[in-house]
Amino acid sequence: MGRRSAARPVSEGSRCIELGAGATGLPGIVAAQLGCFSQVVITDVDECLEALHENVSVNLPSHCTLLPSCLPQEHRAAAIATCPASVSQPAATPSSQRQAVNSGTSDSFSQPADQTAAVQESSTAASPQNLRSSNGAVQQQGTEKQSARVCTEVLVAELDWGRDTSTVAPPFDVVLVADVVYVPEAMQPLLECIRRVSTAASTILLAKYKRFAPASEQFWKLLPDYFEFTKIPEADFGAKPQEDCIGIFKLVWKQSSI
């Protein structure tokens with residue numbers, strides 16, 4: 001999944017999201033390590049966030065900034081990894097010019113005013129971000145070119161597939177979904193959530209392992225209603241051939257989907 005994410009042409013300000021990250025968030029962490037996204041959002045339900053945030057925080061490289069603002073209030077004291085001076089970066093953008101994402105609907109992606117000076121410094125020292133305003137437009141702050149490896153903002157966020165997705169400010173350029181086929185009743189909300197956080201132009205990658213037969217049956221039954229899909233050959237990422245229903249799949253919007 002990491003290789004496929006990196007292979008996609010990435011424009012300035014590209015964003016990536018992982019759905020159903022569990023307590024590990026491995027695909028999202030790898031996406032952040034690639035250094036080709038301005039923002040990576042790693043999501044799951046509330047009860048997973050504390051362990052997920054801890055695992056993400058200890059596995060990020062130095063070019064990433066882990067923001068604490070998406071965590072439940074009682075967990076927001078987590079340490080923040082800042083982008084070091086060794087990473088090539090453009091001139092700092094004044095913090096007063098930084099905008100919250102979808103400020104009209106949520107403050108989850110804004111920098112809280114009461115954060116410490118260290119957090120403020122990491123925010124202003126980062127590469128200019130393409131943050132989404134409340135009308136969905138992309139607002140570019142700063143005109144300097146970013147280095148080949150951008151300073152990546154990483155956020156751990158709550159996202160229930162069956163609920164509102166506006167809190168994570170969709171759409172995303174890359175959507176990662178790995179090993180999430182467990183509960184038959186959750187398959188339709190999952191597929192609808194993938195649609196809501198993506199566009200027809202998004203790269204959507206799904207990694208699936210053979211287990212929980214009832215959920216798998218429901219998933220494969222519903223998938224063609226929402227997406228066209230192709231299996232990525234195992235040879236492309238150095239793995240042994242597997243059954244047709246096991247592996248990494250690329251999903252593409254089915255324009256006539258429900």
Side-chain angles (χ1 to χ4, degrees), residues 1-18 21 24-43 49 52-71 76-95 97-101 108-112 115-132 138-157 168-169 172-176 178 202-203 205 237:
M1 294 181 78
R3 291 181 182 179
R4 284 286 167 167
S5 299
R8 179 188 187 277
V10 179
S11 60
E12 188 176 3
S14 291
R15 304 168 70 228
C16 174
I17 188 170
E18 181 187 357
T24 59
L26 180 58
I29 291 171
V30 173
Q33 290 176 341
L34 293 173
C36 58
F37 298 105
S38 66
Q39 186 179 79
V40 174
V41 182
I42 305 175
T43 70
L49 294 189
L52 178 58
H53 185 273
E54 181 178 358
N55 194 55
V56 170
S57 68
V58 298
N59 285 287
L60 289 183
S62 58
H63 69 271
C64 296
T65 300
L66 178 60
L67 304 184
S69 56
C70 288
L71 288 171
R76 290 187 181 180
I80 297 173
T82 59
C83 294
S86 59
V87 177
S88 177
Q89 300 176 34
T93 302
S95 58
Q97 295 179 10
R98 295 177 59 84
Q99 301 180 23
V101 180
S108 294
F109 291 76
S110 63
Q111 288 286 357
Q115 285 188 356
T116 64
V119 177
Q120 294 171 351
E121 289 174 5
S122 70
S123 299
T124 57
S127 304
Q129 303 296 324
N130 290 344
L131 301 179
R132 299 183 186 278
V138 174
Q139 304 294 327
Q140 181 175 353
Q141 298 181 12
T143 58
E144 302 88 343
K145 292 183 179 180
Q146 297 190 37
S147 60
R149 169 169 285 188
V150 301
C151 184
T152 303
E153 287 187 347
V154 180
L155 302 101
V156 174
V168 293
F172 289 82
D173 303 282
V174 174
V175 180
L176 304 177
S202 299
T203 295
L205 298 177
F237 49 91

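All residue numbers refer to positions in the sequence shown, counting from 1.
- Shown here for A32 and T152, the closest heavy-atom pair between the two residues is O-OG1, 4.1 Å.
- Taking the side chain as every heavy atom from C-beta outward, S14 and V174 never approach each other to under 4.5 Å.
- Here the closest heavy-atom approach between residue N59 and residue N55 is recorded as ND2-O, 2.7 Å.
- Taking every heavy atom of both residues into account, P27 and E18 meet most closely at CD-OE2, 3.3 Å.
- Checking each of L67, T65, I42 against V154 for a side chain to side chain contact (heavy atoms under 4.5 Å, CB included) leaves exactly one that passes, namely I42.
- Closest approach of F172 and V41 over heavy atoms only: CE2-CG2, 3.7 Å.
- Annotation: the span from T24 atom OG1 to L52 atom CG amounts to 7.5 Å, rounded to 0.5 Å.
- Across all non-hydrogen atoms, the minimal contact from A157 to L49 is O-CD2, 3.6 Å.
- The minimum heavy-atom distance linking R15 with S38 is given by the pair CG-OG, 4.3 Å.
- Inter-residue side-chain proximity for T203 and D173 is flagged as unmet; no heavy-atom pair is nearer than 4.5 Å.
- Taken from OG in S62 to CD in Q33, the straight-line distance is 10.5 Å, to the nearest 0.5 Å.
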